[in-house]
Every structure is written in structure tokens, then in C-alpha cells.
Amino acid sequence: MEAFTSLLPLGFVEPQRFETILRQDDLPDIDPWWWLFEYHESVLWWAQTIKEQYPSRPPLVPFAKHGATDDVFCFDGADGSGNPRVFIVHTFASPGYENRGYWDNFDVFMEAAEEEHAEWLREEAEEEGPDE
């Protein structure tokens, strides 16, 4: 958690729901996505990578990643409202092509994460079949 909070731009206010998640012992399962702040080196590496790859973008605060792609989910670090947008940044794309869209706020992101997780679980169950 300290690695994450050390990355926060001056004036950035994290969403209350996200702050609550940060403090939980058992994090919500969002497979196939995963929380970057679970791994100190990972959150620092992705923050630096995004900053280097897209220096002209406003500050971004990475907090989660898709496990099967180079998509990283980032807060709008320039937002001090406590309800920032969540951007989807497709890392390693050429500048200008990294933007994969956004969610209006963290609550909408979590709805999408829960839907994606449920779909992922269904697919995993189908792959295993009834005999396993």
C-alpha cells in the first residue's frame, strides 16, 4: 500500500471505495484482472513504464492490470475530486494509440471488474467440464 500511496500526484484524492479496498486483508477477486498494489515492485514498475512511454499524458495512477493483455487500469491523477475517471491504458502501444477508453469512476470500474470476473469463472468452469 505504501508503494501505491507514494505515487499519488499532489492534490489527487483516491475514491473512498478504493481506499477501503486498500485496507482489506482479503482483496476482492477480480481475475483475470489483478491489483498492482499487492506487489510493491509491480506498482512502481508500471507507474514508471507508463510515465516513460506516454510522457505527454496527464498524470496517471496505475492500480490494476489485465492478466492476459498489456492493459493497465489507471486513475486520472490530475483529478482531485475523489471520484476520478479510470483510464484503460494499452501499454507498449505507440503514443496516441494507448487509449482504450475509460470508466466514469471507480464504482463503474468495479462493476465491470465483477462482470468480467463472473464471465471468467464461467469460462473456466466450461473448460474444466463436468468430470473434473
Side-chain angles (χ1 to χ4, degrees):
M1 186 166 87
E2 291 172 22
F4 177 79
T5 55
S6 72
L7 300 172
L8 300 180
L10 189 62
F12 175 77
V13 178
E14 60 197 33
Q16 182 61 47
R17 184 173 180 187
F18 180 74
E19 190 174 314
T20 300
I21 287 172
L22 277 175
R23 300 189 188 302
Q24 292 177 352
D25 289 332
D26 295 323
L27 299 171
D29 188 353
I30 59 172
D31 275 337
W33 303 351
W34 52 278
W35 301 106
L36 292 177
F37 56 85
E38 287 185 281
Y39 309 98
H40 174 79
E41 293 301 320
S42 185
V43 72
L44 296 174
W45 191 86
W46 283 108
Q48 185 62 34
T49 298
I50 290 170
K51 191 177 196 178
E52 289 172 1
Q53 289 181 357
Y54 311 109
S56 63
R57 286 196 71 141
L60 295 171
V61 179
F63 66 89
K65 183 182 178 312
H66 193 292
T69 71
D70 289 328
D71 291 347
V72 178
F73 309 114
C74 305
F75 290 121
D76 176 356
D79 187 319
S81 71
N83 198 26
R85 281 185 173 166
V86 173
F87 291 104
I88 306 166
V89 178
H90 186 67
T91 55
F92 305 106
S94 298
Y97 294 94
E98 79 280 6
N99 187 13
R100 288 276 175 106
Y102 66 88
W103 290 280
D104 287 331
N105 57 47
F106 185 70
D107 289 333
V108 179
F109 164 82
M110 283 302 296
E111 288 173 18
E114 290 164 357
E115 289 173 14
E116 179 86 8
H117 178 65
E119 179 63 28
W120 183 78
L121 289 174
R122 278 192 294 278
E123 289 174 5
E124 290 286 303
E126 288 173 7
E127 287 177 14
E128 288 180 7
D131 298 326
E132 294 182 37

- Tracing side-chain links under 4.5 Å among I, L, V, M, F, W and Y, which residues wind up in one group with L121? W120
- Message: Using the rule that Ile, Leu, Val, Met, Phe, Trp and Tyr join whenever any side-chain heavy atoms are under 4.5 Å apart, tell me whether W103 and V13 fall into a single cluster.
- Response: no
- Separation between NE2 of H66 and CZ of R100, rounded to the nearest 0.5 Å: 10.0 Å
- Query: Can you find a pair of side-chain heavy atoms, one from I21 and one from M110, that are under 4.5 Å apart?
  - Reply: yes
Identify every side-chain donor-acceptor pair in residues 68-76 under 3.5 Å, counting partners at least two apart or on other chains, and give the distances.
unit_1 : atom_1 : unit_2 : atom_2 : d
T69    : OG1    : D71    : N      : 3.0
D71    : OD1    : H90    : ND1    : 2.7
D76    : OD1    : A78    : N      : 3.0

- Measuring from E114:CD to E119:CD, what's the distance to the nearest 0.5 Å? 14.5 Å
- For Y54, look at atom OH and say whether over 12 heavy atoms of other residues, nucleotides or ligands are found less than 6.0 Å away. yes
- Message: Could you check, using the six-membered ring where one of them is a Trp, whether F18 and F109 have ring centers closer than 6.0 angstrom?
- Response: no
- Same apolar cluster (I L V M F W Y, side chains within < 4.5 Å links), Y97/F87: no
- Message: Quick check: closest heavy atoms across V61 and G77, and the distance to 0.1 Å?
- Response: CG2-CA, 3.9 Å
- Residue pair H117 / D31: nearest heavy atoms and the distance that separates them: ND1-O, 2.8 Å
- So, do W33 and E116 sit near enough that their side-chain heavy atoms are less than 4.5 Å apart? yes
- Message: Under 4.5 Å between side-chain heavy atoms, counting indirect links through other Ile/Leu/Val/Met/Phe/Trp/Tyr residues: same cluster for L10 and I50 or not?
- Response: no
- Query: Can you list every salt bridge (charged side-chain N to carboxylate O under 4.0 Å, His left out) pair that touches residues 45-64, not counting sequence neighbours?
  - Reply: R57-E98
- Message: Using 0.5 Å steps for rounding, measure from the CD atom of E14 to the OG1 atom of T20.
- Response: 9.5 Å
- Message: To the nearest 0.5 Å, what is the distance between CG on L22 and CD on E38?
- Response: 10.5 Å
- Do S81 and D79 meet the criterion of a side-chain donor-acceptor pair at a distance under 3.5 Å? yes
- Query: With the 4.5 Å side-chain cut-off for hydrophobic clustering, are W45 and V43 part of the same group?
  - Reply: yes
- Message: Do N99 and V89 have side chains that approach each other closer than 4.5 Å (heavy atoms only, starting at C-beta)?
- Response: no
- Message: Can you confirm whether or not the ring centre of F37 sits under 6.0 Å from the ring centre of W46?
- Response: no
- Task: Check whether any side-chain heavy atom of T91 sits under 4.5 Å from a side-chain heavy atom of Q53, and report yes or no.
- Result: yes
- Do you know which two heavy atoms are closest between P15 and P84, and how far apart they sit? CG-CD, 3.7 Å
- Query: Taking all non-hydrogen atoms of both residues, which atom of A113 and which atom of I30 are closest, and how far apart?
  - Reply: CB-CG2, 3.9 Å
- Item | Spacing of R17 atom CZ and N83 atom CG [to the nearest 0.5 Å] | 11.5 Å
- Distance col, row E19:CD vs R23:CZ, nearest 0.5 angstrom, shows 4.5 Å
- Donor-acceptor contact below 3.5 Å, side chain W35 vs main chain P28: yes
